[in-house]
Structure formats: structure tokens, C-alpha cells
Amino acid sequence: MKGKIKYFAITSLFVITIIVFAITNNHVNANTFDNKLIAENNGSYTSQRSIHDIKSDGWVYVFEIDYPDNKKDKNMYIFDGYNLKYKELDGFYVPYINSKTGEEIDRIIPNYITLSISETYKKDIRKIGDFFNKQQFNDKITIDNLKDLEIKNFSKEYLVDMFNKALASELKTTPGEYYDSSFIDKTSVTSTDENMIGEWQISYLLDFGYISDVNIEFIDSEGNYLSDVAQNKNASATGKTMFSNIQEMENNIVKTQKIESSLENLAKEKIAINSDLDKLLNKFSKKLKPTE
């Protein structure tokens with residue numbers, strides 16, 4: 001691609017827009033959300049700083065600063081949390097509201113879970129985004145800088161730490177090869193193993209077009225997640241070994257930024273790959289295509 005690279009900032013800011021859009025438009029369905037957001041919110045950002053804080057249970061908290069192509073434009077500041085593990089969680093949904101009556105007529109479960117669609121956290125996420133985008137901080141901050149920010153569910157110390165770490169992080173000026181892909185997504189395949197009834201799932205999170213975080217799960221027919229079962233003290237040796245192999249796969253994908261290279265590395269290390277898991281990774285590889 002010649003000239004300056006156009007990077008579409010498809011981030012949690014757009015998830016917040018989804019909520020507003022769903023509240024005021026009762027004729028929109030969940031399948032049109034992503035296209036609507038991309039069309040209305042794409043912008044040119046040529047560099048980025050960010051920090052990813054990996055929490056438990058598949059959560060990744062991110063503070064991101066996007067720098068615009070036009071230096072006269074404002075930076076974009078984003079704080080949100082993304083869950084790469086669970087298909088659904090109580091209290092995480094997009095309300096589907098009748099614009100005339102104000103009545104909630106349905107709850108839409110999106111393809112991925114974020115703090116910005118949480119009953120508990122979404123107001124704080126919105127306030128944090130509005131505050132930082134208004135202040136346009138370009139230097140290290142302290143608690144005193146957040147004295148006018150009123151939030152309930154996050155400590156200001158944590159926000160200061162996340163922002164300062166993001167500000168001190170490496171400035172990324174060359175997007176990774178996946179920068180045209182959705183910044184977060186998941187895919188799955190049904191298990192064909194009679195001894196493992198359920199499905200395999202892989203979720204990913206991109207950071208300026210680079211694969212930043214990957215989560216691979218086997219979810220059995222009763223809704224149990226392998227990562228939970230394998231870490232139980234009574235877990236079988238087979239389950240523990242499979243979980244260890246999966247963690248190795250996740251690390252290889254992030255390290256190599258390639259699904260194919262990851263599979264080759266695992267084969268060299270003689271790590272067994274379940275046939276359904278192999279199908280999942282191949283499906284994932286096709287979904288997350290490099291930009292041409």
C-alpha cells in the first residue's frame with residue numbers, strides 16, 4: 001500500500017455507539033451493527049500507543065491512544081475490557097428499545113463481550129472515554145488530574161497506571177498485517193469426537209493489526225470450559241495435558257503472528273493436535289486474513 005496507511009479504529013468506542021444506536025432505533029438488528037459502525041466511524045489513524053492488562057477468566061483490559069493522520073485533529077482515547085472466553089455473561093447485552101415508548105423489548109447478545117455493554121460498567125466506560133477525550137492528555141498524569149472524573153467501579157489509581165503505561169509504551173507507526181480485520185472476533189467448530197461432545201472456540205484481540213491476545217477453549221455439552229475443568233485439582237491428566245498444549249498454541253500464535261507457522265512449530269515440538277482443533281485453527285486462519 002503506497003502513501004500513508006489508513007487504519008480503521010474499530011474499537012470499544014464503537015461498541016458504545018452500538019448501545020446508543022440500539023436504544024434510539026428499534027428497527028436495527030444485531031447483524032447490521034458492525035457494518036453500520038464501520039461506515040459511520042472509520043477514521044485515519046497512523047500511529048498508536050496501548051497497554052493490555054490480562055485479567056482472569058478471559059478478560060483483557062486495554063487502554064489505547066490513537067493518533068490521527070491530521071495533526072490538527074484530536075487523539076482518540078479508549079479504555080475498555082474484552083472477554084475472550086465466555087459466549088455469554090449475565091448482565092452483558094445490548095438493549096433493544098422501542099424508540100417511541102422507551103420500553104426494552106429485547107436484549108441482544110453480541111458476538112463478543114465487553115465492559116462497555118455491561119449493566120454495571122458501561123456508564124463508567126462511557127464517562128472515562130468522554131473524560132480522556134476531552135482532556136487530551138499528552139503527558140504523564142496523577143490522581144489529581146482525574147479529580148473531576150466521577151466513576152464507581154474502577155479505581156482512579158488503576159486508570160492513572162493504565163494511561164501512564166500506555167503513554168510510555170512503544171509508538172506503533174506500522175500496522176500489523178491484520179489491520180483490516182475486526183479488532184476482536186471469535187469462531188468455532190462442533191466437535192466430532194464422541195468422547196468430547198461440545199464445541200471448540202477461538203477468540204482473538206488485535207492491537208493495531210497485530211495479534212495481541214488469543215484464547216482457545218473447548219466447551220462441553222453442559223457448558224463447562226476446559227480451562228476451568230483442567231485447573232481443578234481433580235482434573236484428569238489428559239485434560240491437564242490438553243490444556244497445557246492449548247496454552248502453547250496460544251503463545252505460538254501470538255509469537256509468530258501466523259497460524260500456519262504456529263502449527264508447524266507445534267508439530268516440531270511433537271505436541272499432539274486434536275483433529276477438530278486443527279479444523280478450528282484452519283477456519284480461524286481463513287477468517288483472519290492478512291491485508292493484501
Side-chain angles (χ1 to χ4, degrees), residues 7-24 33-34 36-53 55 59-70 73-84 89 91-95 108 110 112-169 171-172 182-184 205-208 212-213:
Y7 175 64
F8 294 104
I10 308 171
T11 57
S12 60
L13 179 64
F14 300 165
V15 177
I16 295 173
T17 307
I18 288 177
I19 299 170
V20 176
F21 194 78
I23 290 174
T24 57
F33 281 167
D34 285 348
K36 178 70 176 176
L37 297 177
I38 293 172
E40 290 187 344
N41 296 286
N42 59 1
S44 182
Y45 294 87
T46 56
S47 56
Q48 180 196 93
R49 299 183 192 273
S50 62
I51 185 71
H52 287 215
D53 184 16
K55 301 288 189 179
W59 282 103
V60 182
Y61 285 13
V62 179
F63 205 115
E64 178 181 319
I65 308 171
D66 291 309
Y67 299 94
D69 182 20
N70 188 339
D73 293 338
K74 293 183 177 181
N75 298 338
M76 181 163 62
Y77 300 78
I78 300 157
F79 173 73
D80 206 343
Y82 309 94
N83 192 279
L84 302 183
L89 284 174
F92 289 82
Y93 62 90
V94 176
I108 300 167
Y112 47 82
I113 295 170
T114 72
L115 292 177
S116 49
I117 62 168
S118 164
E119 286 182 332
T120 302
Y121 300 105
K122 64 183 179 184
K123 289 183 179 179
D124 277 357
I125 294 295
R126 192 178 303 171
K127 287 180 179 179
I128 292 168
D130 289 345
F131 181 81
F132 276 88
N133 279 286
K134 179 181 179 180
Q135 297 298 324
Q136 291 287 305
F137 295 123
N138 281 309
D139 296 308
K140 189 175 180 179
I141 64 173
T142 67
I143 292 294
D144 189 57
N145 292 110
L146 305 188
K147 62 183 179 181
D148 294 327
L149 176 61
E150 297 181 1
I151 51 176
K152 297 180 179 179
N153 300 290
F154 299 95
S155 74
K156 292 184 178 181
E157 288 83 0
Y158 181 70
L159 288 177
V160 167
D161 183 59
M162 284 290 283
F163 172 79
N164 288 338
K165 285 180 177 178
L167 190 66
S169 68
L171 178 65
K172 294 178 284 291
S182 174
F183 81 103
I184 181 174
L205 186 64
L206 299 183
D207 184 31
F208 206 58
S212 173
D213 305 282

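For reference, positions follow the sequence shown, starting with 1. Just so it is clear, the model here is predicted, and its values are computed rather than measured.
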Minimal non-hydrogen separation, [X] against [Y], with atom names:
| X | Y | value |
| --- | --- | --- |
| N133 | M76 | OD1-CA, 3.4 Å |
| S212 | H52 | OG-ND1, 2.9 Å |
| L167 | Y67 | CD1-OH, 4.2 Å |
| P110 | Y93 | CD-CA, 4.5 Å |
| A166 | R49 | O-CB, 3.2 Å |
| S169 | S50 | OG-N, 3.2 Å |

Passing option when [X] is tested against [options] for side chain to side chain contact (heavy atoms under 4.5 Å, CB included):
| X | options | value |
| --- | --- | --- |
| Y77 | D130, I65, D66, I128 | I65 |
| K156 | D161, I143, T142, I141 | I143 |
| N83 | I113, L205, I184 | I113 |

What's the spacing between [X] [atom1] and [Y] [atom2] if we round to 0.5 Å?
| X | Y | atom1 | atom2 | result |
| --- | --- | --- | --- | --- |
| L149 | K134 | CG | NZ | 11.5 Å |
| F137 | N164 | CZ | CG | 10.0 Å |
| E150 | K127 | CD | NZ | 6.0 Å |

(message) Could you check, using the six-membered ring where one of them is a Trp, whether F79 and F132 have ring centers closer than 6.0 angstrom?
(response) no
(request) Please find out if less than 6.0 Å separates the ring center of W59 from that of F92. (result) yes
(request) Answer yes or no: is there a donor N or O on one side and an acceptor on the other, between the side chain of D124 and the main chain of K152, under 3.5 Å? (result) yes
Find out whether [X] and [Y] are in side-chain contact, i.e. whether some heavy atom of one side chain is under 4.5 Å from a heavy atom of the other.
| X | Y | result |
| --- | --- | --- |
| F154 | L115 | yes |
| T114 | I125 | no |
| N138 | N75 | yes |
| K172 | D207 | yes |

(request) Go through the side-chain N and O atoms of Y82 and D213 and say whether any donor and acceptor fall under 3.5 Å apart. (result) no
(request) Kindly check if the number of other-residue, nucleotide or ligand heavy atoms within 6.0 Å of NZ (K123) is above 12? (result) no
(message) Is it true that, when you exclude K55 itself, more than 12 heavy atoms of the residues, nucleotides or ligands shown sit nearer than 6.0 Å to its NZ?
(response) yes
(request) For Y158 and F63, run side-chain contact (heavy atoms from CB on, under 4.5 Å): C-alpha distance rounded to whole Å, both residues' side-chain angles, the deciding distance at 0.1 Å, then the answer. (result) CA-CA 11 Å; Y158 181 70; F63 205 115; over 6 Å; no
(request) May I ask you to decide whether K165 forms a salt bridge with D53, counting only side-chain N to carboxylate O separations under 4.0 Å? (result) no
